2 protein chains.
Amino acid sequence: MKHSRNSVTSIEVAKLAGVSQSSVSRAFSHEGPVSVKTRRKVLDAARKLGYQPNAMARSLITRRTSMVGMVIANVHNNPFYTEVLDLLSRKFQKLGQKVMLFIVNRDQNLDDILPQLLEYQVEGILVTAATLSSTMAEECERWGRPVAMINRYVPGVHASWFCCANYEGGKMVAKLLLDANHQRPAFLAGSEDTTTSIDRERGFMEILNQEKVEALREIGEYTYQDAYDAAIRLLDRKDPPDAIFCANDIMALGVMDAAKNGLGLKIPEEVSIIGFDDIPMSSWSSYSLTTVRQPIQRMVDASVEELLNRIENPEREPLQEVIPGELVIRGSARMPGGLSSGWVISQDR
Amino acid sequence: MKHSRNSVTSIEVAKLAGVSQSSVSRAFSHEGPVSVKTRRKVLDAARKLGYQPNAMARSLITRRTSMVGMVIANVHNNPFYTEVLDLLSRKFQKLGQKVMLFIVNRDQNLDDILPQLLEYQVEGILVTAATLSSTMAEECERWGRPVAMINRYVPGVHASWFCCANYEGGKMVAKLLLDANHQRPAFLAGSEDTTTSIDRERGFMEILNQEKVEALREIGEYTYQDAYDAAIRLLDRKDPPDAIFCANDIMALGVMDAAKNGLGLKIPEEVSIIGFDDIPMSSWSSYSLTTVRQPIQRMVDASVEELLNRIENPEREPLQEVIPGELVIRGSARMPGGLSSGWVISQDR
DNA sequence: TATGTTAATGAAAAGGTATTCATAATTTAG
DNA sequence: CTAAATTATGAATACCTTTTCATTAACATA
């Protein structure tokens, strides 16, 4: 026999089990008192009919859905966010939350996504690699739907966010390059309008300026190909840089390919390359990229826990945190003479 | 003012607009007749109150949710499935479907996922890179929840599926290698229990057997690292292979790194490497991997359309399709002398 | 045994919408 | 200008749960 849709209701189960519908509900929801005898009867009947409580009906009365919205960009062209997506999803699952997923473009306006999320009564929204406008975030929060962001923040917004210490990361890289006696560094920006790229550059430039070192600059739009092209432009000048700090790893890999295979340069002898993220490919022997590892697990854990926390306690004020990254020294950048010079060399994972 | 949860109902809107609740519903659902005047009044009031229809309540009565379940594995360690996830999600979005996402392990049992999907009344389920047991699939279908799979099938199962022509792909690769005069090919399997790996190997071996060519064999579990290790074992023997066909690209990249950087071999002069998938990295200049491109866009389009189609027409029989892949000739495999020999050389995307 | 407590049960209401049906308003045809 | 047909509206119902409340059964205490 073929059921057109799942039409088995608690009433039918009740009938078969010879109890009231209320008892069926109690047997399933672990709330309220049920005798072991009726529970058994109910579960037997339910199994026989293939009954399953209807989450929609339940949510209508409990006003809880156990659903969260997840908005993520850049998932296909940056393995870092693939990993974030993976970890987020699994963490939510483990904590009993259902995930409603929206994949967007980095620069996409979320104004048409939000209504859908709210319509479906998600209890909270997690945004990463995309930016929720300040007004939109306020709107969500005002309706009791907490928002948490990863690696993105909006000044003064009433929402939680968790970022890698991008500014400090940029500083670390600059110090490393100067210590290793680089004379002519360059910065390869991601997208001009992302705080991640901006902050990494700010930290980087801050140190260089202190030492009165000027830096070249190009834009790679956070993609392999744009970075490859930018690297060619950069390295093909009469006065090429001797080091390139890229706003993320995927660009750094593009730059390495451009330098090595495009222009036949030796890395790190002729040019040092440093990235940011520490995606899996950075440790591959073809690249061996020196980079700043983002504390991805901690960012994920913190943001999920914070989000669920604020769902349970709506009065709680949103939390924001900057979590330090760590330098991962591999082979793509020349090292300071001593090497001992106090650098923390992180192990590969 | 802070609303505890979204508590604005159609009744409040009706009150403010001075119409009945029914009219509010009609104004929003584009069903039934509404005069332009009342529609305007309703929408005005709704905007003022920040009203949004409650999808849970709606689904309860319409018995439709516009939600589909998406179960995907391997998303973090195989860029191919990252892209599938991305395309699937966007396609569903474009067609007005909400996606409930579950990320699982390849070998994970889906028995605990399914009840959750059914509980939340998804109207269909799309599974990729994971396997739904035959009985589970039947169960879903029996309750009117169509199932579609990408790159996975279960013999005799009553579900839709769309696969790349893995068997034929394996044959193509074998022919190419033989034509280019390779004497000692090897196959690097993914996971032993996946039809993708099995079918690719079957096609590959079929041609080799025809020509009485024996092949070496190793297992790489579909990961870069395992493949790297397997390649070392393979290439470090006294009688190493002169070609390695890998069950997917990510393994092929591991094999290339092992050969080039681990053992100092020249590719393709000393060993040819061929992959399967055509992930973005395969076209990077450090690899330039010859591979079989999966028709990812077509598989995604077909499976989504088929799933929605069967949701609308539950009586329709599930459709299955094998879609041919195409050989992408790059630089990681020695070519037949003529090169003209009739090979379709695909352009990079 | 009588009485007071606690546990178990069922009837009924509530949650927010879509939809049916009957009625009212409007338009069209004659 | 009336009758007929059409369109717009509102009241009431249904969707499937959870939960409250009142009632009954079971149990323990004196």
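Worth saying up front: this structure is predicted, and the values here are computed from it rather than measured. Just so it is clear, the values below take in all heavy atoms, side chains as well, and ignore hydrogens, waters and symmetry mates. All chains are named by letter (A, B, ...) in the order of the sequence lines, taking the proteins before the strands, and each is independently numbered beginning at 1.
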Heavy atoms only, 4.0 Å cut-off, all strands: where does [X] land among base, sugar-phosphate and nothing?
X     : answer
A/S25 : base
A/V24 : nothing
B/S59 : nothing
B/P33 : base

Selection residues 109-134 of chain A - residue pairs positive for ring-ring contact (aromatic ring centres under 6.0 Å, His included), sequence neighbours left out: none

[atom1] of [X] versus [atom2] of [N]: gap in Å, rounded?
X     : N      : atom1 : atom2 : result
A/Q21 : C/dA11 : CD    : P     : 10 Å
A/I11 : C/dG10 : CD1   : C1'   : 13 Å
B/M56 : C/dT17 : CE    : P     : 12 Å
B/Q52 : C/dT17 : CD    : P     : 10 Å
B/R39 : D/dT7  : CZ    : P     : 15 Å
A/F28 : D/dT18 : CZ    : P     : 9 Å

Listed nucleotide nearest any side-chain atom of B/R63, set D/dC15, D/dT17, D/dA8: D/dC15

Choosing from D/dT17, C/dT17, C/dG10, which nucleotide comes nearest the side chain of B/A57? C/dT17

Applying salt bridge (charged side-chain N to carboxylate O under 4.0 Å, His left out), can you list everything that pairs with [X], at least two apart in sequence or on another chain?
X      : result
B/R106 : none
B/R26  : none
B/D301 : B/K91

Would you find a donor on one side and an acceptor on the other, under 3.5 Å apart, between the side chain of A/Q121 and the backbone of B/N54? no

Is A/S160 reaching over with its side chain to a backbone N or O of A/Q320, donor-acceptor style, under 3.5 angstrom? no

Contacts of B/L60 and B/V19 projected onto DNA chain D by closest heavy atom; the upstream (5') one is B/V19

Take N1-N3 plus N6-O4 or O6-N4 for Watson-Crick, N1-O2 plus O6-N3 for G-U, both under 3.5 Å. Which runs of 3 or more such pairs involve DNA chain C?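 So far as stems of 3 or more pairs are concerned, DNA chain C shows C:1-30 with D:1-30.
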
Using the side-chain contact (heavy atoms from CB on, under 4.5 Å) rule, pick out the option among B/V157, B/T131, B/I125, B/V71 that qualifies with B/M149. B/V157

Side chains of B/F92 and B/L308, heavy atoms from C-beta outward: is any pair under 4.5 Å?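 Of all side-chain heavy-atom pairs linking B/L308 with B/F92, at least one is under 4.5 Å.
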
Which letter, B, S or -, goes with each nucleotide of nucleotides 20-27 of chain D from 5' to 3', with contact meaning a protein heavy atom under 4.0 Å? B-------

